[in-house]
Amino acid sequence: MFTPWLVVIFETAMLVTLLSGLATAAWLWRQRDLRPLAGFVAGMGLWCLGHFLGPLAPALALPLLLANPFMPNAFLHFALGYLRVPPGQKRRLLWASYGTSVLVFAISLIGGASIQPWPPFEGFIRLAPLGWLNLGWTVALGVSAHLVLLRAYLKQQGNVRRSILAIFLVGGWGLLLASSFVFPSLGIPYFPYSMLALPSYVLLLVFAVLRYRMLEVNLWASRILLWLALALVAGALSALAAGLGFARSGWALWGYSLLILAASALLYPLLNAWVRRLVYPGAKLDETLLSHWRSSLRDAHDWPALLANAECLLQTLLGRPLPVTLEPARGPHLLCRRQQDGWQAELKGGEELLPGQRLQLEVFASLLGSACDNLERTLALAAEERKRLDQQHLVELGALSAAMAHELRNPLNIIAMAAVRTEERSRHHIQEQLKRADRLIQDLLTYGSPLEVRSQPVALLPLLQSLPQAAQVELAVPPELVLETDPHRLTQLLVNLLDNALAFAATKVRLEAEGNLIRVHNDGPPIPSELAGKLFRPFVSKRPGGSGLGLAIVRRIMAAQGGSVRHRADLGWPVTFELEFPL
C-alpha cells in the first residue's frame, strides 16, 4: 500500500531535478563544447517538471513528457564531440536526427499519451501506440549515443578515455532510474522508486564529464559526499536511539542529540580522509610533504634558483618534467605571475593529469605563489640595502673627491703660475698636462657627487650641432625629435661618448637617433669580449688622455633618469653605444 508521503517525496525529487538541471545547464552553457550537454540536462529537468505537473496541468505536462526524444538527441550531439567526424557529415547526421525527433514529437502529440490516475498518483502518464513510437525513437537515440561513446572510448586515451567510461556508466544509471515511468503503461502495480534518485543522475553526469577538466567539480563532489556520509551517520544513530526508546523523555532526547554530535565530530576526520581517497585517488598531502616543499622553495635566493627548485619538486611529484615559468609558454606548464594582490601560480594545460595530481599541483601552486612573494620582498630588501650602501659609498667618495680637488688645485695653481716664466715649448706642455689634471679632477667630482636630474623637453639636433665634436661626427637625427631629459646632463654624456668614439675611431663616427634611442657608432677596433662586461666600471677602460671615468659617468647619468646604456656589436659597426631614455 503506497502512502501519500511517497508522492510528496516523488514530487520533491522531480522539483530538485528540475532546479538542479536548469542551474547546471546554465553553468555548462558557458563552454561552447558543453552546450549540447547543457541542452540534455535542461531537457531532463523539464521532463521531471512534466511529471510534477501531471495531476495539476495535464495539457502542459503532456508536451513536456513527450519531448523526451530531444534529451538523447542532445546527448548524441554531445557524444559526437568525442569523435573526429567531418563537419559536413556531422551536420547532416544531426539535422536528420533532430528533424526526426521533431517529427516523432509532433506525431505523438496526436493522442500519443494521456494523463490518468494511477494510485497513489492523481495523474500519471500512460502511453498509447503513438507514444510507444515516441519511446522507441528515444531508446534508439540513447543506444546510438552510447555506441558513439563506445567507439570514442576505443580511439581516445588518458583522461578523455576515463571521462568517456564514466559518462557511459552514468548513462546506464540514468536509463535504469528513468525506465520506471512506463510501469502504468505496462500495467505494473509497482511504485517508480528508482525515479526518486533522478537528482543524483544530473550530479553524476556533470561529475563524469568535468572531473578531469575542472578541479572545482571534484571539490564540490568531495563536500557533497562528506555531508552525505555525516548525514547517514546521524540518521543511523537517530534510528538506533529511537528504536531503543531513548526519545521518550526530554533529557534522553538531549543526551542522544549530544551523542550524535560527538560521534559526527569524531568520525569527521576519518570520513574526510575516506572521501579524499575516493575523489582524489593517489593524492598524498601531509605535513611532512608540505614542509619539504616549503623549505626547498625557501632555499632559493634568486628567480632562476626558485624556478629550478620548483621544477625539481614537480619532477619528483609527477614522475615527469613540468616547466615552471614567469612568462606564458607552449605546452603544459606552471605559470607564476604578479597580480594586484601578490604572486599567483597557475597550471596551464595538463588536461591529462589525474584529479589527485591536479589537487597536489593546486596546493603546490599556492606554496609557490607564497615563495614568489617572499623572494620578491627579500630581493627588494637586498636591493634597498645595496642602494643604501652605494649612496653611503658615493657620499664618502664625494667628500673625498672634494677634499682631493681642493688639495690638488692649490699646488696646480702654483705650478701654472710658475710655468709662465718658462720658455714657450715647456709652458705649452705644462699647460696641457694641467688641463688634463683639471679634467680628471672634474670627472672625479662628477662621479662622486650626487646627481640631480631636471627633465624638460630637449630638441636633440640643435643641441648636437652646438657641441664642438659635431663637426667630426655624421649626424642622422630627425629634426623634430624631442627627448624628455636634463639638457646639461645630456650634454655631459654625449660629450663623453663622442670623445670616446673619436679617440678610437679609424675613419668615421656616426650618431643615430630614433624614438627614445640614441646610438653612437665608430669603426675603431672591436672591444674584447673579456672587457665588454666591465666597460662601465670606473678605470676599467681608458682612452688616451682620458680619466677612465667617462663611461661610468654616462651610466650614472642614465640610471639617474631611469634610462640605460649598453654596448652593442650586432648593428654592423665594430663598436656601438646605445642610450635608451625612458618613454
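We use all heavy atoms of the structure for the numbers below, so side chains are in, but hydrogens, waters and symmetry mates are not.
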Ignoring hydrogens and geometry, is there a side-chain-to-backbone donor-acceptor pair from S20 to T17 under 3.5 Å? yes
Between F70 and F105, ring centroids under 6.0 Å: yes
With a 6.0 Å cut-off (strictly less than), is the heavy-atom count around CD of E122, excluding the residue itself, greater than 12? no
Can you tell me if R32 has over 12 outside heavy atoms packed within less than 6.0 Å of its CZ? no
Are a donor atom and an acceptor atom from the side chains of S296 and R294 found within less than 3.5 Å of each other? no
Can you name the side chain to side chain donor-acceptor pair (under 3.5 Å) partners of E514, sequence neighbours left out? R519
Check for me whether the distance between the ring centres of W118 and F183 falls short of 6.0 Å. no
Determine, step by step, whether W137 and T100 satisfy the side chain to side chain donor-acceptor pair (under 3.5 Å) criterion, reporting the C-alpha distance in whole Å, the side-chain angles of both residues, the deciding distance to 0.1 Å, and the verdict. CA-CA 9 Å; W137 176 243; T100 306; 5.7 Å; no
Measure up the F75 and F78 rings against each other and bin them: parallel (under 30°), tilted (30 to 60°), perpendicular (over 60°). tilted
Aromatic rings F364 and W293: how do their planes relate, parallel, tilted or perpendicular, breaks at 30° and 60°? perpendicular
For residues F121 and F191, establish whether the separation of their ring centroids is below 6.0 Å. yes
SB check R337 E327 (cutoff 4.0 Å): no
side-chain contact (heavy atoms from CB on, under 4.5 Å) between S200 and W173, worked out: CA-CA 10 Å; S200 68; W173 171 250; 3.4 Å; yes
Return the orientation label for the H77 and Y98 ring planes: parallel under 30°, perpendicular over 60°, tilted otherwise. perpendicular
Does any pair with a residue in residues 301-340 pass ring pair (Phe, Tyr, Trp, His ring centres under 6.0 Å), and if so which ones, sequence neighbours excluded? W303-W343
Run the side-chain contact (heavy atoms from CB on, under 4.5 Å) test on N309 and V324 for me, step by step, so that the C-alpha distance in whole Å, both residues' side-chain angles and the decisive distance to 0.1 Å come before the verdict. CA-CA 10 Å; N309 287 2; V324 181; over 6 Å; no
Any donor and acceptor pair, going by atom type alone, linking the side chain of R151 with main-chain N or O of V148 inside 3.5 Å? no
Any donor-acceptor pair under 3.5 Å from N134 side chain to L66 backbone: yes
The test is side chain to side chain donor-acceptor pair (under 3.5 Å); show your working for N73 and S97 and say whether it passes. CA-CA 7 Å; N73 215 146; S97 63; 3.0 Å; yes
